[in-house]
Amino acid sequence: MPAKRIAIVTGGNRGIGHEIARQLMKSDVFVVIGCRTEAKCGVAVDALSRGGNNIAGYPLDVSDTRSVRSFVDKVARHHGAPAILVNNAGIYPEATESRVADTSTSVWRETFETNLFGAVRMCREVVPLMRKPRYGRIVNISSGLGQLHQMGEGSPAYRVSKAALNALTKTLAAEVASDGILVNSMSPGWVRTDMGGQDAPRSAEEGADTAVWLSLLPSNGPTGQFFSDRKSIPW
C-alpha cells in the first residue's frame, strides 16, 4: 500500500461524490475531486476543507478525453499517483417514465458519454499509474436500476448505461486481477441529492458508506462484484 493514499472522486462537488470525498478525508486519504468548472471546485474544496487540509480539486469533464488526461496529469504531478479512483460522475437526463421507443439517440449518447465512457476514460488514464506500485482500488458508482437481475421499465438510457458500467467493472477486474487492483461496483440506493430529490429515503451519508468501504479494502478484499450496504448483490 502506498504510504500516502491519493483518491480521485469524479463529480465530487455535490451529492454522493461530495460525501464520499468527505468520508475519505476522515480516513487520512488525500482526496482530489473533479468538478465541471473551476468555480464549482472552489466552492466544494472550501466546504470540504473545514474537515481538514487533505483536499484539492480541479476542473474535469469526463466526457472529454483531453480534459480527463489533463486532470489525471495534474493529480499525478501535484499530489502523486492515485491509489483510489471513485467513478461517481453521472447524469440522469431523462424522465423516469421514459420508454425505449420514445428516447432519442442524442439522449442515449449523452448518457453513455458520461455514465460509461467517462468511467472508461478515467480508468484508461489511472490504471497504468496503479500498476506501477501494484496497488489500486476502483469503485464504480452504479445503480440498482442497472441490475439485470431485476431489470424493468422506465429510464432506459440510464438503466442500460449502468448495466454497461457493471460489465466494465467485471471486465476490468479480470484484467487487473494480478496487479493488486480491486475493482467493484456499488449501488448507493435512492439518496436525497439533487439527482435523487428530497423524497428519497436515504441520506448522502448512507449512500456514500459502501463506496468508501470499497475504496479502503485490504489486499484480500473482493473484486469484480456488485455491492449494496456492504453486501454483495446479484448483477
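All residue numbers in this chain count up from 1 along the given sequence.
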S.K.: Could you note down all residue pairs passing side-chain hydrogen bond (donor to acceptor under 3.5 Å, both in side chains) where residues 24-43 supplies at least one of them, sequence neighbours left out?
M.R.: none
S.K.: Please find the pair of heavy atoms, one from Pro128 and one from Cys123, that lie closest to each other, and give the distance.
M.R.: CD-O, 4.1 Å
S.K.: Kindly compute the distance separating CG (Leu85) from CD (Glu125), expressed to the nearest 0.5 Å.
M.R.: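 These two atoms lie 11.0 Å from each other.
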S.K.: Decide side chain to side chain contact (heavy atoms under 4.5 Å, CB included) for Glu19 and Arg22; before the verdict, give the C-alpha distance in whole Å, the side-chain angles of both, and the deciding distance to 0.1 Å.
M.R.: CA-CA 5 Å; Glu19 180 60 24; Arg22 189 186 70 82; 2.6 Å; yes
S.K.: How many angstroms lie between atom OG1 of Thr10 and atom CE of Met122, to the nearest 0.5 angstrom?
M.R.: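 That separation rounds to 6.0 Å.
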S.K.: Identify, with sequence neighbours excluded, every residue that meets side chain to side chain contact (heavy atoms under 4.5 Å, CB included) alongside Ser49.
M.R.: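 Once residues adjacent in sequence are excluded, the partners of Ser49 under the side chain to side chain contact (heavy atoms under 4.5 Å, CB included) criterion are Ile55.
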S.K.: Establish whether Ile141 and Phe226 are linked, either directly or via other cluster members, by ILVMFWY side-chain heavy-atom contacts under 4.5 Å.
M.R.: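 Each belongs to a different hydrophobic cluster.
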S.K.: By side chain to side chain contact (heavy atoms under 4.5 Å, CB included), which residues pair with Ser155, not counting sequence neighbours?
M.R.: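 Side chain to side chain contact (heavy atoms under 4.5 Å, CB included) list for Ser155, sorted by chain: Tyr92, Glu94, Thr96, Tyr158.
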S.K.: In the structure I gave you, are the side-chain heavy atoms of Pro156 and Ser98 within less than 4.5 Å of one another anywhere?
M.R.: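 Yes; the side chains approach each other to less than 4.5 Å.
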S.K.: I want to check something: taking the side chain as every heavy atom from C-beta on, are Leu24 and Ser215 in contact at a cut-off of under 4.5 Å?
M.R.: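 Heavy-atom side-chain distance check passes, below 4.5 Å.
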S.K.: Under the salt bridge (charged side-chain N to carboxylate O under 4.0 Å, His left out) rule, what do Arg77 and Asp73 come out as? Steps first, then yes or no, please.
M.R.: CA-CA 6 Å; Arg77 282 191 292 110; Asp73 180 63; 2.7 Å; yes
S.K.: Between Ser70 and Ser67 (side chain of the first, backbone of the second, donor and acceptor by atom type, cut-off under 3.5 Å), is there such a pair?
M.R.: no
S.K.: If you look at every heavy atom in Asn88 and Gly11, which pair is closest and at what distance?
M.R.: ND2-O, 3.0 Å
S.K.: According to a hydrophobic-cluster definition based on side-chain heavy atoms being under 4.5 Å apart (Ile, Leu, Val, Met, Phe, Trp, Tyr only), do Leu214 and Leu216 belong together?
M.R.: yes
S.K.: What's the shortest heavy-atom distance between Leu217 and Arg137, and which atoms?
M.R.: O-NE, 2.9 Å
S.K.: With rounding to the nearest 0.5 Å, note down the distance linking CG in Leu145 to CE in Met151.
M.R.: 8.0 Å
S.K.: Between Phe30 and Arg5, is the side chain to side chain contact (heavy atoms under 4.5 Å, CB included) condition met? List the steps.
M.R.: CA-CA 6 Å; Phe30 190 95; Arg5 284 177 294 180; over 6 Å; no
S.K.: Please determine which of Val139, Asn87, Ile84, Val31 meets the side-chain contact (heavy atoms from CB on, under 4.5 Å) test together with Val9.
M.R.: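 Looking at Val139, Asn87, Ile84, Val31, the match for Val9 under the side-chain contact (heavy atoms from CB on, under 4.5 Å) is Val31.
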S.K.: Taking all heavy atoms of Asn115 and all of Ala89, pick out the closest pair and write down the distance.
M.R.: OD1-O, 4.4 Å
S.K.: Should we say atom CD of Glu153 is surrounded by more than 12 heavy atoms from elsewhere, each under 6.0 Å from it?
M.R.: no
S.K.: Within the side chain of Asn54, is there an N or O that forms a donor-acceptor pair under 3.5 Å with the backbone of Met25?
M.R.: yes
S.K.: Indicate whether the side chain of Arg121 and that of Thr65 have a donor and an acceptor atom separated by less than 3.5 Å.
M.R.: yes
S.K.: For residues Ala208 and Ile20, report the shortest heavy-atom separation together with the two atoms involved.
M.R.: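 The pair with the smallest heavy-atom distance is CB-CG1, 3.6 Å.
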S.K.: If we ignore hydrogens and angles and just use 3.5 Å, is the side chain of Asp61 paired with the main-chain N or O of Ser63 as donor and acceptor?
M.R.: yes
S.K.: What about Val62 and Val120, same hydrophobic cluster or not, with Ile/Leu/Val/Met/Phe/Trp/Tyr joined at side-chain heavy-atom distances under 4.5 Å?
M.R.: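 Per the 4.5 Å side-chain linkage, Val62 and Val120 are not co-clustered.
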S.K.: Salt bridge (charged side-chain N to carboxylate O under 4.0 Å, His left out): which pairs involve residues 213-235, sequence neighbours left out?
M.R.: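 Residue pairs with at least one partner in residues 213-235: Arg202-Asp229, Asp209-Arg230.
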S.K.: Would the number of heavy atoms belonging to other residues, nucleotides or ligands and lying under 6.0 Å from CZ of Arg109 be above 12?
M.R.: no
S.K.: Hey, what's the ring geometry for Tyr58 with Phe71, parallel, tilted or perpendicular (30° and 60° as the breaks)?
M.R.: perpendicular
S.K.: Would you tabulate the side-chain donor-acceptor contacts of residues 176-186 under 3.5 Å, counting partners in other chains and residues two or more places apart, or write 'none'?
M.R.:
unit_1: Asp179; atom_1: OD2; unit_2: Arg131; atom_2: NE; d: 2.9
unit_1: Asn184; atom_1: OD1; unit_2: Gly224; atom_2: N; d: 3.3
unit_1: Asn184; atom_1: OD1; unit_2: Gln225; atom_2: N; d: 3.0
unit_1: Asn184; atom_1: ND2; unit_2: Pro222; atom_2: O; d: 2.9
unit_1: Ser185; atom_1: OG; unit_2: Asn166; atom_2: OD1; d: 3.0
unit_1: Ser185; atom_1: OG; unit_2: Thr169; atom_2: OG1; d: 2.6

S.K.: Please give me the minimum heavy-atom distance between Thr111 and Pro93, naming the atom from each residue.
M.R.: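 Smallest heavy-atom distance, with atoms named: OG1-CG, 3.2 Å.
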S.K.: For Arg159, enumerate each residue passing the side chain to side chain donor-acceptor pair (under 3.5 Å) test, keeping only those at least two apart in sequence or located in another chain.
M.R.: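 Per chain and number, Arg159 pairs via side chain to side chain donor-acceptor pair (under 3.5 Å) with no residue.
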S.K.: Would you compute the distance between atom OG of Ser142 and atom CZ of Phe227 and round it to the nearest 0.5 angstrom?
M.R.: 13.0 Å
S.K.: If you round to the nearest 0.5 Å, how far is CG of Leu168 from NZ of Lys162?
M.R.: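 Going from the NZ atom of Lys162 to the CG atom of Leu168 covers 11.5 Å.
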S.K.: Does Leu172 belong to the same Ile/Leu/Val/Met/Phe/Trp/Tyr cluster as Val68, with side-chain heavy atoms less than 4.5 Å apart forming each link?
M.R.: yes
S.K.: Report yes if some heavy atom in the side chain of Ile8 is under 4.5 Å from a heavy atom in the side chain of Val86; otherwise report no.
M.R.: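 The answer is no, as the side chains (C-beta and beyond) never meet within the 4.5 Å cut-off.
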S.K.: Do Leu60 and Ile6 share a hydrophobic cluster, counting only Ile, Leu, Val, Met, Phe, Trp and Tyr and linking them when any side-chain heavy atoms are less than 4.5 Å apart?
M.R.: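 Hydrophobic grouping puts Leu60 with Ile6.
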